[in-house]
Amino acid sequence: MAVLGGGIAGLLTANVLARYATEVTVVERDQCPDAPEPRAGVPQSRHTHVLLASGIQALHQLLPGFVAELTDAGAPTLSVPADVGVWQSGQWVSRRNPSAPVMTPSRPLLDHLVRKRVLAEPRVRMVPSTEATGLLGGPHQITGVTIRGRAAGRRGEQELAADLVVDATGRGSRTPQWLARLGAAEPADELLDAGRAYATGVFHVDDRTSAGDIGGFYIVPDAGQPLGAIILPAEDDRWMVTLSGPRGQAPPTDPAGFVDYARNLPHDAPHKWLSTARPLGRPVGYRHTANRRRRYDRARAGLLVVGDAVCALNPVYGQGMSVAAQNAVFLDRVLAGAARTPSAHELQQAILRSSQWAWEVATGADSPMPGAVGNALRNGPLDRLADWYLGRVRDRVPGDPVVCKAFRDVLFLLAPPRSLLTSPEVVLRSLLRAPTPTPPDLPTP
């Protein structure tokens with residue numbers, strides 16, 4: 001079996017496939033470093049990352065003991081909102097209403113530890129500095145890939161035969177074009193682009209007590225207040241700070257301008273915190289935030305596509321790593337429970353199911369944003385009614401512990417979005433109770 005892409009989605013998929021195959025070859029275009037370092041093939045590696053509660057559970061299931069390894073390497077664990085100041089719907093969320101914890105390692109650390117763990121499996125081998133250039137086979141049955149070395153002296157193209165080819169090459173996947181070359185129809189494309197842009201800077205705080213008992217900030221953007229901020233600790237006593245804005249209001253990438261941009265946030269606490277922090281380098285911008293889902297589950301293409309290559313979500317919602325882990329969990333579930341070897345089409349349907357909740361959350365949040373466009377835009381009469389109701393839910397999150405937990409469980413992919421409509425307690429509190437105000441200053445637990 002061949003897996004194209006040695007990022008988190010590719011490695012976790014390879015780890016699962018190795019339980020059912022004699023050999024899995026991971027083709028990775030980068031030369032992977034021996035230590036946690038950003039790499040060119042992962043443009044998100046310099047930005048803030050969150051491992052949601054669902055992702056933590058999935059990694060524990062896929063790689064027993066891995067979460068402890070991540071903790072030992074310094075990855076912080078935070079309870080939200082008990083440890084994080086969350087500003088939503090014009091007020092702070094009560095810190096007495098915590099939901100499930102999250103982890104906030106840097107992306108290079110998580111990549112490094114996953115790669116080290118997966119490649120310790122003898123049936124998984126990685127071919128670094130090598131890129132896939134095309135598919136072998138026919139429109140509905142892929143039999144391998146063509147590959148080419150990227151290092152000097154390795155320019156010749158070779159064929160790599162495989163019983164199953166997996167595309168885990170991310171947003172830049174070329175599989176649609178490769179399928180077209182074989183005479184296959186490209187998969188249907190679902191797109192929703194809210195036009196958001198963000199920038200991330202790394203900071204150090206000389207006096208840890210300057211943040212008090214706060215382990216970070218999350219300023220939640222919405223249609224009426226489109227600016228966002230995420231300030232979270234990472235390993236090695238660093239803080240990752242991501243500021244986001246709508247189309248035409250991208251955060252600047254010079255340190256002074258970046259900090260000054262935070263003045264525009266709806267509360268001054270994050271800016272005050274940033275004013276006491278020391279930047280460790282220049283912020284990095286990112287603009288590729290469209291939600292895009294390619295419907296390979298309908299195409300019967302004869303290969304498997306996972307991760308961002310099949311379902312890319314707006315990164316500002318922090319779902320990507322957790323969805324990649326969920327992809328692998330669902331894949332393992334289908335393979336372990338099958339009386340016969342499942343077809344690539346059956347496996348692709350499982351991948352779709354594993355990302356469905358995250359897709360609904362991201363597109364539901366982005367659809368009401370000013371300037372959102374795309375064929376996945378949800379703006380029909382029923383969608384507008386749902387937005388009205390969800391607005392009432394969000395208004396009650398800050399002060400209502402029941403609504404807060406239900407809402408956070410949906411965001412952390414522990415419960416389906418429909419649970420906000422089917423829970424009698426949430427419905428009654430959202431429709432019949434007035435929002436409970438919280439203090440204007442950052443509340444203590």
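Not measured: the values here are computed from a predicted model.
Exactly one of T143, L179, L4 qualifies for a side-chain contact (heavy atoms from CB on, under 4.5 Å) with L303. That residue is L179.
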Salt bridge (Lys or Arg N to Asp or Glu O under 4.0 Å) between E346 and R300, intermediate numbers included: CA-CA 9 Å; E346 290 170 317; R300 296 183 180 271; over 6 Å; no

side-chain contact (heavy atoms from CB on, under 4.5 Å) between T104 and H49, intermediate numbers included: CA-CA 6 Å; T104 59; H49 279 74; over 6 Å; no

Pair Y286-T253, side-chain contact (heavy atoms from CB on, under 4.5 Å): steps then yes or no: CA-CA 10 Å; Y286 193 79; T253 55; over 6 Å; no

side-chain contact (heavy atoms from CB on, under 4.5 Å) between Q158 and T146, intermediate numbers included: CA-CA 6 Å; Q158 298 176 308; T146 53; over 6 Å; no

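Applying the salt bridge (Lys or Arg N to Asp or Glu O under 4.0 Å) definition to pairs two or more places apart or across chains, none involves residues 241-251.
A donor-acceptor pair under 3.5 Å is absent between the side-chain atoms of T130 and the main chain of R29, judged by distance alone. In terms of modelled atom types and a separation under 3.5 Å, the side chain of R353 and the main chain of Q348 share no donor-acceptor contact. The backbone N or O of L414 sits nowhere less than 3.5 Å from a side-chain atom of D409 that would complete a donor-acceptor pair. Here the side chain of H345 pairs no donor or acceptor atom with the backbone of A301 at under 3.5 angstrom.
In this structure, L331 and L304 have side chains that are in contact, with non-hydrogen atoms separated by less than 4.5 Å.
Using a 30° and 60° split on the angle between ring planes, H47 and Y198 fall in the perpendicular class, above 60°.
Comment: D189 engages R292 in a salt bridge, judged by a side-chain N to carboxylate O separation of less than 4.0 angstrom. At a threshold of 4.0 Å, the pair D111-R107 counts as salt-bridged, since one of the basic side-chain nitrogens sits closer than that to a carboxylate oxygen. Salt-bridge formation is not detected for the pair R123/E23: no Lys NZ or Arg NE/NH1/NH2 atom is positioned less than 4.0 Å from an Asp or Glu carboxylate oxygen. Under 4.0 Å is where a charged nitrogen must lie from a carboxylate oxygen, and between R39 and E28 at least one such pair does.
In terms of the salt bridge (Lys or Arg N to Asp or Glu O under 4.0 Å) criterion, R294 has no residue partners (sequence neighbours excluded).
If you check the side chains of S430 and R396, you find no donor sitting under 3.5 Å from an acceptor. For the 3.5 Å distance criterion, the side chains of D366 and Y317 qualify, holding a donor opposite an acceptor. Between the side chains of D193 and N291, no donor-acceptor pair is found at a separation under 3.5 Å. Side-chain N/O atoms of R196 and Q249 include no donor and acceptor closer than 3.5 Å. No side-chain N or O of Q61 forms a donor-acceptor pair with one of Q57 less than 3.5 Å apart.
No more than 12 heavy atoms of other residues, nucleotides or ligands sit less than 6.0 Å from atom CG of D163. For CZ of R19, the number of neighbouring non-hydrogen atoms (other residues, nucleotides, ligands) closer than 6.0 Å is greater than 12. Taking a 6.0 Å sphere around CZ of R287, one finds it holds 12 or fewer heavy atoms contributed by other residues, nucleotides or ligands. Within 6.0 Å of the CG atom in D72, the count of heavy atoms belonging to other residues, nucleotides or ligands exceeds 12.
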